[in-house]
Amino acid sequence: MGEGYKNCCTWWSSSSSSMKLLLFMVPLMIVASGFVSILGSKTSTWVVFPNHSWSSFSSSSSSETRESSAKESEEMVDLHSRMVMVGVQDKEEALLNVDQPILNKSSSPPLPVEAVQVQQSDGSVLEDGLKISMAETPNVAPMSESVSVPMKAMRPKVLTKLEKLEAGLQRARVAIKEASNGNQTDPQDPDFVPPGPMYWDSKAFHRSYLEMEKQFKVFVYEEGEPPVFHDGPCKSIYSMEGNFIYAMEVSRQFRTKDPEKAQVFFLPFSVAKMVQFVYVRDSHDFGPIRRTVVDYVNLIASRYPYWNRSLGADHFMLACHDWGPETSFSVPNLQKNSIRALCNANTSEKFSPMKDVSFPEINLRTGKINGLVGGPSPSRRSILAFFAGGVHGPIRSVLLEHWENEDEDIRVQKYLPKGVSYYDMMRKSKFCLCPSGYEVASPRVVEAIYTGCVPVLISEHYVPPFSDVLNWKSFSVEVSMSDIPNLKRILSSISTRQYIRMYRRVVQVRRHFEFNSPPKRFDVFHMILHSIWLRRLNVRIHNDQSGVTN
């Protein structure tokens, strides 16, 4: 045994210096390897959320950890306020990237802002890429081959109020998508919207509506004096301007007095009142209205940081007057970025379905809908189609030219005989013709729905109200101006079975067009607000200089 030990010592003494160094390093490497393996399980992982697809990148060995860390370092982009370090249990609080728009995919993107693009190490571009550290423990620097020095522990970033708002909106986006994919059970709701073809996706709509009720807050600027501001007509075809302003200002559920808690900001001016009190009748001078809007936006932009922060993207105006779009052109960012809720939803006049809201024109002669809602069953409707109205725009001229007093089935007249009720004629008709006038919107659309008459939309470039939620083709008929001569053939070709289906769907969607004071769930006030909510979900506001993403 002594000899063996002696030979061992002789072998060590005769080895080269490099061999000595190697054998000296072996125990040290074993210790270091164990240290790395202990820390390896605590190394931060990066989670990328493209299109809400959760995928993590983890390592199974120290070498893979080094490669992954190096690659992640190359891909890292400073996204300013969009980058948040959180614990795994807080991952829902993170500001995730915006998913595909909630709206109908047939619409085109509107905002004049560039989507965030992240250049990856392989040269590809990740749209709206966002990396969020999911570390529960302090970060550790990539281990070198000879030394391991832990970095100073990083504290989780405290979210700003704006970031918390955006995180809440992102949770809503995820919940809506999960509902659309059938990953959620329908909550118990006595007012749940019945499923059916009149909705593009009833589950997604219902979940979105519930999310709106849970968190949506609107800040109404208090600047401005009535009657132009904080006031509006509550009767006539412009009635929804005044009724919405009033309902919004007295709302305890959706209005907030704290702008830091608001997802959107309301500019409470009435275009109809501007036309009445600011515009000089028959002057053809739009300057006074334009200056009023410019002065108001300049005022709120100087007193509050919110307009300049987003360039108006989280602000909205509402107008049912024909001059609503023209009024918005007074301020470039109001037209380009802001949410414009308009009755005159004309795509040929720069209405953008992705960011703007189409809501119905409702002619409230008495300020109420009493006596306007309801009608007989299909079997008691003897007239195929009905319209009464004077010449107002090119479409009605063509309609009257071809059908005025020409057919007993297609009742088209400029003026009804004395003693004949307009609403009674609608209730006797299967289909009600709703041609556009000089502007695309017509109160006949809602009048038809109120009376249970299937609306026939005859218009050009018109976006029907709430078409982000409602599938109009399932409960209405769309006819182009060129097909007006073929009206009887088109309507007669609809089978009785299909007509009854359309009639029932009209009755089902009617509550979305009903005006109530005070408002009721799922009625026209809430549907307008829901459409604004949907548009707000499609943008992300942040505090850095780039302003907004869509």
Side-chain angles (χ1 to χ4, degrees), residues 51-52 98-107 110 168-218 240 244 247 251 253-254 263-264 316 318 339 341 345 352-360 445-446 449 455 463-476 501-502 504-516 519-539:
N51 297 327
H52 296 157
V98 178
D99 194 8
Q100 303 264 343
I102 305 295
L103 311 182
N104 191 339
K105 295 182 179 179
S106 63
S107 303
L169 293 173
Q170 178 57 23
R171 289 194 298 273
R173 296 184 190 103
V174 173
I176 294 168
K177 185 172 182 179
E178 289 179 350
S180 180
N181 293 336
N183 296 330
Q184 292 180 343
T185 57
D186 294 334
Q188 296 298 317
D189 187 345
D191 298 323
F192 176 63
V193 176
M198 56 277 192
Y199 300 100
W200 293 113
D201 189 329
S202 62
K203 290 185 178 180
F205 168 48
H206 187 226
R207 170 51 59 185
S208 176
Y209 189 92
L210 294 179
E211 292 293 329
M212 176 190 76
E213 288 185 317
K214 181 168 64 177
Q215 63 170 297
F216 198 34
K217 296 298 179 184
V218 180
M240 287 311 301
F244 182 89
S251 174
Q253 180 178 8
F254 296 106
Q263 288 97 348
V264 295
F316 77 95
L318 180 138
I339 302 167
S352 174
M354 187 70 78
K355 80 168 187 68
D356 296 329
V357 170
S358 173
F359 71 98
V445 177
V446 173
I449 293 174
V463 179
F466 315 136
S467 53
D468 42 19
V469 169
L470 299 179
N471 176 12
W472 278 80
K473 291 184 178 181
S474 71
F475 61 88
S476 70
R501 287 175 178 169
M502 298 177 77
R504 289 174 177 170
R505 293 165 189 166
V506 166
V507 173
Q508 285 182 310
V509 302
R510 184 162 59 199
R511 64 172 169 173
H512 300 318
F513 296 88
E514 292 179 357
F515 165 73
N516 298 295
K520 298 179 181 179
R521 297 184 74 208
F522 295 101
D523 69 358
V524 67
F525 169 76
H526 288 92
M527 290 298 290
I528 295 172
L529 207 59
H530 179 261
S531 292
I532 295 168
W533 156 258
L534 281 182
R535 271 70 181 178
R536 179 60 178 88
L537 285 175
N538 281 337
V539 298

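Within 6.0 Å of CZ on R521 lie more than 12 heavy atoms contributed by other residues, nucleotides or ligands.
Listed by chain and residue number, nothing satisfies the side-chain hydrogen bond (donor to acceptor under 3.5 Å, both in side chains) test with Q508 (two or more places apart in sequence, or in another chain). Residues meeting the side-chain contact (heavy atoms from CB on, under 4.5 Å) test with A247, sequence neighbours left out: P519, F525. Not counting sequence neighbours, the partners of Y199 by the ring-ring contact (aromatic ring centres under 6.0 Å, His included) test are F205, H512.
Counting heavy atoms from C-beta outward, W533 and S208 have side chains that approach closer than 4.5 Å. Here the side chains of H526 and Y209 are in contact, with some heavy-atom distance below 4.5 Å. Put simply, the side chain of R505 reaches to within 4.5 Å of the side chain of P197, judged on heavy atoms. Contact check for L210 versus P187: side-chain heavy atoms found under the 4.5 Å cut-off. Side-chain contact between M198 and N471 is absent, with no heavy atoms from C-beta onward closer than 4.5 Å. Here the side chains of M527 and F359 are not in contact, with every heavy-atom distance at 4.5 Å or above. F475 has its side chain out of reach of R504: every pair of non-hydrogen atoms, C-beta onward, lies at least 4.5 Å apart. Between F244 and I528 there is a side-chain heavy-atom pair separated by less than 4.5 Å.
A donor-acceptor pair under 3.5 Å is absent between the side-chain atoms of N181 and the main chain of N183, judged by distance alone. With hydrogens and angles ignored, the 3.5 Å screen pairs no side-chain donor or acceptor of N538 with any backbone N or O of R535. With hydrogens and angles ignored, the 3.5 Å screen pairs no side-chain donor or acceptor of S467 with any backbone N or O of L470. E211 places no side-chain N or O within donor-acceptor distance of the main-chain N or O of A172, the cut-off being under 3.5 Å. In this structure a side-chain-to-backbone donor-acceptor pair under 3.5 Å is missing from W472 to F466.
The minimum heavy-atom distance linking F522 with D191 is given by the pair CE1-O, 3.1 Å. The heavy-atom pair separating V469 from H530 by the smallest distance is CG2-CE1, 3.8 Å. Residue A204 comes nearest to S180 through the heavy atom pair CB-CB, 4.0 Å, listed as atom of the first residue, atom of the second, then distance. I449 and R510 make their closest contact through O-CD, 3.2 Å (heavy atoms, listed as atom of the first residue, atom of the second, distance). Here the shortest heavy-atom pairing between R173 and R536 reads NH2-O, 4.4 Å. Here the shortest heavy-atom pairing between Q263 and K217 reads OE1-N, 2.7 Å.
The structure places CD1 of I532 at 11.0 Å from CG of D356, a figure rounded to the nearest 0.5 Å. Rounding to the nearest 0.5 Å gives a distance of 4.5 Å between CG of D523 and CG of N516.
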Side chain to side chain contact (heavy atoms under 4.5 Å, CB included) between V357 and F316, intermediate numbers included: CA-CA 10 Å; V357 170; F316 77 95; over 6 Å; no
Going through the distances and angles, do Q170 and L537 end up as a side chain to side chain contact (heavy atoms under 4.5 Å, CB included)? CA-CA 8 Å; Q170 178 57 23; L537 285 175; over 6 Å; no
Can you list the steps and then say if V218 with L529 is a side chain to side chain contact (heavy atoms under 4.5 Å, CB included)? CA-CA 10 Å; V218 180; L529 207 59; 4.3 Å; yes
Using the side chain to side chain contact (heavy atoms under 4.5 Å, CB included) rule, take R207 and I176 through it: C-alpha gap first, then chi angles, then the decisive distance, then the call. CA-CA 6 Å; R207 170 51 59 185; I176 294 168; 4.1 Å; yes
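Between E514 and R511 there is no salt bridge, since no side-chain nitrogen of the basic residue lies less than 4.0 Å from a carboxylate oxygen of the acidic one.
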